[in-house]
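The figures here come from the full heavy-atom set of this structure, side chains too, leaving out hydrogens, waters and symmetry mates. We name chains A, B, ... by the order of the sequence lines, and we start the count at 1 in each one.
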There are 2 protein chains.
Amino acid sequence: MSVSIKDIANALNLSKATVSWILSGQGESKGFSEKTIKRVKEYAKSVNYRPNLVARSLSLGFSKTLGLVIPFLRDSYYAQMAYYIEKEAAKNGYSLIVCSSEGDGNKEYELIYTLIAKRVDGLIIAPTKTEVKGIKYLQKLDIPFVLVDRYYQNMETNYVIVDNFGSAYELVEALVNKGAKKIATLVTDAHLFVMKQRVEGYSAALREAGVKEDFALKVFVDRQNYRVDIDEKLDCLFREVPDVDGFFFTTHYLAMAAIRYMVKRGVDYHRFKMGVFHTMAGLDVLAPEMAATVFPIEELGAEAVDILLANIREGKDFVLQAKVLQNTFLPSIGDE
Amino acid sequence: MSVSIKDIANALNLSKATVSWILSGQGESKGFSEKTIKRVKEYAKSVNYRPNLVARSLSLGFSKTLGLVIPFLRDSYYAQMAYYIEKEAAKNGYSLIVCSSEGDGNKEYELIYTLIAKRVDGLIIAPTKTEVKGIKYLQKLDIPFVLVDRYYQNMETNYVIVDNFGSAYELVEALVNKGAKKIATLVTDAHLFVMKQRVEGYSAALREAGVKEDFALKVFVDRQNYRVDIDEKLDCLFREVPDVDGFFFTTHYLAMAAIRYMVKRGVDYHRFKMGVFHTMAGLDVLAPEMAATVFPIEELGAEAVDILLANIREGKDFVLQAKVLQNTFLPSIGDE
DNA sequence: TTGAAAGCGCTAACAC
DNA sequence: GTGTTAGCGCTTTCAA
């Protein structure tokens, strides 16, 4: 096995305490002699000593590790989020345990439970559905956590989200200003609060512009197999509203899927006024004229971590923080 | 603070040992009375007991946690890899600490060092550059690890990679069979062994087909700012070889960037015979006719974990495993 | 059928 | 300047 503080202490005829202090950098402030400090450090290096952080965690009561629970790490959106969260965490000396809940509430709960057992110092969660068992549990145990991307209206938690309503409003308003009269919206995961907000933003912008809403223009796509479901739904849309002239995609991959559909059906989609919530690579070349509202993903990740760390630091005295970030409006994604 | 085994023992007038055994499910096999077992379990639940896994780790000597070091979690390719690795790890009861090395060898070393200190049971690494300090360190300490995606020819390690040479060969051969004579290849991160292999596969396929290689057809793009660098390099290519009629993209985003360029320059790229190593969303609609060789990412992740766990389990007796997976050849990405 | 006690590696209050 | 010691929460051997 690897060498421990005790081994070093024995070899050098010193006490564990001395070695511990010196190795954790408190040698000088504790007033140890130059000689001893040097002796310990050199010996430690020579025998390849590396601290056992799990012992340290047990002793200190914190692990310098955070937990992240997201629906799907393979989704580029969450992957980016995870990336920036990890980055900010690392900057502050924390590691990140990443878990995918697969959009399953029970799994989410299991993961949270395990993370707690592993004694992470706090967690960041992009919650799934309306399952709140895990969240409630965290609250009961008084463990710091912050919700990202989605949140619950009726619960007091830290959270950082984007202004879904406002961004959608701004986007749809732009489409209207470009002259679109019959703007369809494509929606998926419609049960999510954030999605509802986007759709409300859409409705509000239309209302404000004096355009009457048409239910036939609201297209709901099944998330699970959206790539096939969208064909059917769009066929239906074009049948019912042949003169549709605009599209508001509530999320990036719906835009991509819709364009895939148009190309397949031979529809010249460039004639539509289009806007997408959160863009993705490829869209910019397929439809450079498309407007977009882009997530401040980096900021979102960093904010989440900062709030979490503040919560961890301040403990009981911490007052919950809710942050609503603003998207960036991009008139056309081609010139980003 | 949270309740511990000791608290339960005190409250129930039992010993810590008894409680520990019962709570870890060995109650019946140890032969405790029904009554005691029930009493302990119920009490534990009533006070919301949850085990402290760090204490458990310290005592047992393993953490049931793995470490993953990849260049960039925000890259969709690595994100997917991380996703499948986490999935397989979770299936086996392990958590995953994910870290991005940012393609920086020193950072990679730091991360490995920290992961070791946190006493992960093993690590999976997609190494950067030719920096092997971290790897050497792991070997010296005899800590189980497996390399993915990239590996070092001159070192004895576990690794799982794809057949880069073979896949590239197959792809370029297909382009030749479609009639392409002057096939350019776009390369980035050319110093990487895997990239070299792909380029060699390209060369070999040309050689085999009796096509003379033209250095002007080899386009090297700077990874850091490939989106701007590629314009200049392609301008140069078209100037020097105006009748280029095929493209072999050594990685997905180069294909996307090249198409972005073509669209910008008004080049009808559909006339080219094209092939890409590893595809991405959007390419299928932009160039459905493009051939591709797709990574078995899921298999790669799962294999890596399985090998790592076997190594952890068998320890000294484990014989290192090298696995070369086969890509799937896709004649045209439009019909996947 | 249950308990006592040592130990995992590290920290920190308190001594000398 | 340096050492003693108790303790973090859990496992496990040995005893009773």
Tell me which nucleotide among C/dT2, D/dC10, D/dC8 gets nearest to the side chain of B/Lys6. D/dC8

Whole-Å distance between C/dT1 C1' and B/Lys38 NZ? 18 Å

Using residues 51-77 of chain A as the side-chain source, report each donor-acceptor pair under 3.5 Å to any protein atom, sequence neighbours left out, with the distance given to one decimal.
residue: A/Asn52; atom: OD1; partner: A/Val54; partner atom: N; Å: 2.8
residue: A/Asn52; atom: OD1; partner: A/Ala55; partner atom: N; Å: 3.1
residue: A/Ser57; atom: OG; partner: A/Leu53; partner atom: O; Å: 2.9
residue: A/Ser57; atom: OG; partner: A/Phe62; partner atom: O; Å: 3.3
residue: A/Ser63; atom: OG; partner: A/Thr65; partner atom: N; Å: 3.4
residue: A/Ser63; atom: OG; partner: A/Arg119; partner atom: O; Å: 2.7
residue: A/Ser63; atom: OG; partner: A/Asp121; partner atom: OD1; Å: 3.3
residue: A/Thr65; atom: OG1; partner: A/Ser63; partner atom: O; Å: 3.1
residue: A/Thr65; atom: OG1; partner: B/Lys118; partner atom: NZ; Å: 2.9
residue: A/Arg74; atom: NH1; partner: B/Tyr83; partner atom: OH; Å: 3.2
residue: A/Asp75; atom: OD1; partner: A/Tyr77; partner atom: N; Å: 2.7
residue: A/Tyr77; atom: OH; partner: A/Asp149; partner atom: OD1; Å: 2.6

Does a side-chain N-to-carboxylate-O contact under 4.0 Å join A/Lys107 and A/Glu110? no

I'd like to know if the side chain of B/Arg150 and the backbone of B/Leu192 have a donor-acceptor N/O pair within less than 3.5 Å. no

Please give, in whole Å, the distance from D/dT2 C1' to A/Trp21 CH2? 8 Å

Are side-chain N/O atoms of B/Glu86 and A/Ser100 paired as donor and acceptor at under 3.5 Å? yes

Measuring to OP1 and OP2 of C/dC8, would you say a side-chain N or O of A/Ser4 lies under 4.0 angstrom away? no

Within the structure, does a side-chain N or O atom of B/Ser20 lie under 4.0 Å from either OP1 or OP2 of D/dT11? yes

Regarding B/Thr36, tell me which of base, sugar-phosphate or nothing describes its non-hydrogen contacts under 4.0 Å with the strands shown. sugar-phosphate

What nucleic acid atoms does B/Ile5 come within less than 4.0 Å of, heavy atoms only: base, sugar-phosphate, or nothing? sugar-phosphate

Ranking D/dT2, C/dC10, D/dC10 by distance to the side chain of B/Lys16, first place goes to D/dC10

Does the side chain of A/Thr18 get closer than 4.0 angstrom to OP1 or OP2 of D/dG3 through an N or O atom? yes

Can you tell me if the side-chain N/O atoms of B/Ser33 get under 4.0 Å from OP1 or OP2 in C/dT2? yes

By nearest atom, which of the nucleotides C/dA12, D/dT2, C/dC10 is closest to the A/Tyr49 side chain? C/dC10

What is the distance, rounded to the nearest whole Å, between atom CG of A/Asn10 and atom C1' of C/dG9? 13 Å

Regarding the side chain of B/Ser59, the nearest nucleotide among D/dG9, C/dG9, D/dT2 is D/dG9

Given that B/Gln26 and B/Ala55 both sit by DNA chain D, which one's nearest nucleotide is further toward the 5' end? B/Ala55

Atom-to-atom span, CG of A/Leu60 to P of D/dC8 - whole angstrom: 13 Å

Proximal nucleotide (of C/dT1, C/dC8, D/dC8) relative to the A/Leu58 side chain: D/dC8

Between P of D/dT11 and CG of B/Leu23, the distance in whole Å: 9 Å

Starting at atom CZ of A/Phe62, determine the distance to atom P of C/dA12, rounded to an integer number of angstrom. 8 Å

If you look at every strand shown and take non-hydrogen atoms under 4.0 Å, does A/Asp7 touch a base, only sugar-phosphate, or nothing? nothing

Tightest non-hydrogen contact, residues B/Ala82 and B/Leu96, listed as O-CD1, 4.3 Å

Would you kindly give the CG-to-C1' distance between A/Leu14 and D/dG1, to the nearest whole Å? 11 Å

Please work out which of the three classes, parallel, tilted or perpendicular, describes the rings of A/Phe193 and A/Tyr151, given edges at 30° and 60°. perpendicular

Output the rounded distance in Å from CG (B/Asn52) to P (D/dG9). 7 Å

C/dT2, D/dC10, C/dC10: which one has an atom nearest the side-chain heavy atoms of A/Arg56? C/dC10

Of the nucleotides D/dG3, C/dG3, D/dG1, which one has an atom closest to the side chain of A/Ala17? D/dG3

